[in-house]
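Read through the structure below, which is laid out as structure tokens, and then see the notes.
Worth knowing before you read on, the calculation uses all heavy atoms, side chains too, and leaves out hydrogens, waters and symmetry mates. Position 1 is the first residue of the sequence, and the numbers go up from there. Both ligands and their constituent atoms are indexed starting at 1 by order of listing.
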Amino acid sequence: MSKPIHVLDILQQKRDGLALSGEQMESFIRGVTQRDLPGAPTDAQIAAFLMAVFLRGLTPQELASLTNAMRFSGETFDASPLRTFAVDKHSTGGVGDKTSLLLAPILAAAGLAECTPEGVPGLCVPMISGRSLGHTGGTLDKLETIPGFNTQLSLAEFTATLRRCGAALIGQTPTLVPADRILYAMRDHIGTIESPNLITASIMSKKLAESLNGLVLDVKTGSGAFMRTDQEARHLAELMVQTGTLAGTRTVAVLTTMHQPLGRFAGNWVEVWECVDLMQHHEHPLSADLLHLTHTLAGWMLHLAGKAEDAQAGYLRSQQILRSGAAYQAWLRIVAAQGGDTSVFTTPASFHRPAASRVIAADAAGYLASMDCTQVGWAVQRLGAGRARPGDPVSAHAGIECHAKLGQVVQRGQPLFTLFSEDARLLDEPADMLRQTLQITEAAPDLPPLIREVVQYASPAAAPLDR
Ligand code: URA
């Protein structure tokens, strides 16, 4: 007969740095989601567990057990009836990061181009995305600026859309990974958000609950990222890649730089507009970094799915799909299937209707050398594009347009940013925040590359890419 499991033993063991068994982890997480079970942990005990994990860390086996217990704490999405390779991307969060809006249609087009005789796509992209968090934007908030777009499909509707369109984009359902919702809210209260183990279990339990065959992680580092240093980002990437791989999902992490907004715009509708422009071949020079990152991530996704010999071949295929117009056709299909009004894409600029705008100009000539990208993200949030509290409404038309990138030579008086808001009274504070954070220097800045490293499980030492 197996030994009874007691919450107090779990807490004392973890407090003393001893490893927990898989059964202990499973029992604890079961109690987190079913609080009426006899012996389920109290709020104080859940907080104590999280703090002990924060301070003592987890062995790889414990991390795998915790992630697995959270993954199966509620309903899971089962992609297997589709009989195709399910691949997704997850980003640790950034400013102006809209790659999901391009990746879904690019990958969908690749999958639809290789349909089986039964009409099953060669791969599918079940994207379960989030809302804006802190200074970072959220894919759902961007998609919901498209009139009629429904991000709350049932899992059955999600499956049907994937089968028809090759990709679908929805929000977290209340029944998917409920343990994470409880633990995340508690972590926020007790100062344990910044734990690489807890972040890994939180992110990977939700991604693995999509029953993915392949996953590409965009782990950001720099002034606009949650991970400020390369070392922190690499450690998190290694934990996530190890956890995904041990769970049977082909997992790769790309370490990328987030020290300025990605692309031309940051906000909600403006980011959809930028992506539609790219899908319609209106390539703006300030979107070059967005395109490079998108094709890099798409290249890995195609490679993991067996549709490209290597990531570089995948990169070229992604470029070709975007340029051919196939991604735009896939985008129209996905948006229409999710109830969105595709007529707004005919002239996306005319759908951008902020009530007020203001230009921030360079106060000196020289190189645009640096900015605190987190401050830029908070400025976007204060314009109305993000939330101060969960559940707050967000503005569709608030945001910023970037007119220059780091490393560029600028003249005194040259516009650097345009701010947009639906309320003119919201412009002053973000305008000051931006003015204070921009640094213009006489000497050219030394800037890190956008794509830093790729972390794979087979070679956790991480191979340099385009340095
Ligand atoms: N995003 C998540 O989903 N979980 C974390 O813990 C951090 C970022």
Step-by-step salt bridge (Lys or Arg N to Asp or Glu O under 4.0 Å) determination, Arg264 to Glu274: CA-CA 7 Å; Arg264 178 181 169 200; Glu274 180 172 3; over 6 Å; no
Ligand 1 to Lys206 polar contact by distance, N or O atoms, under 3.5 Å: yes
Can you spot which of Leu58, Asn68, Thr67 makes a side chain to side chain contact (heavy atoms under 4.5 Å, CB included) with Met25? Leu58
When you check the side-chain N and O atoms of Thr151 and Gln338, is any donor under 3.5 Å from an acceptor? no
Output for pair (Thr256 OG1, Leu297 CG), nearest 0.5 Å, gives 7.5 Å
Note: ligand 1 atoms sitting under 4.0 Å from heavy atoms of Ser202 are 2 (C), 3 (O), 4 (N), 5 (C), 6 (O)
Which bit of Tyr184 is near ligand 1, meaning a heavy atom under 4.0 Å away: side chain, backbone, both or neither? side chain
The atoms of ligand 1 lying under 4.0 Å from a heavy atom of Ile203, numbered in the order shown, are 1 (N), 2 (C), 3 (O), 4 (N)
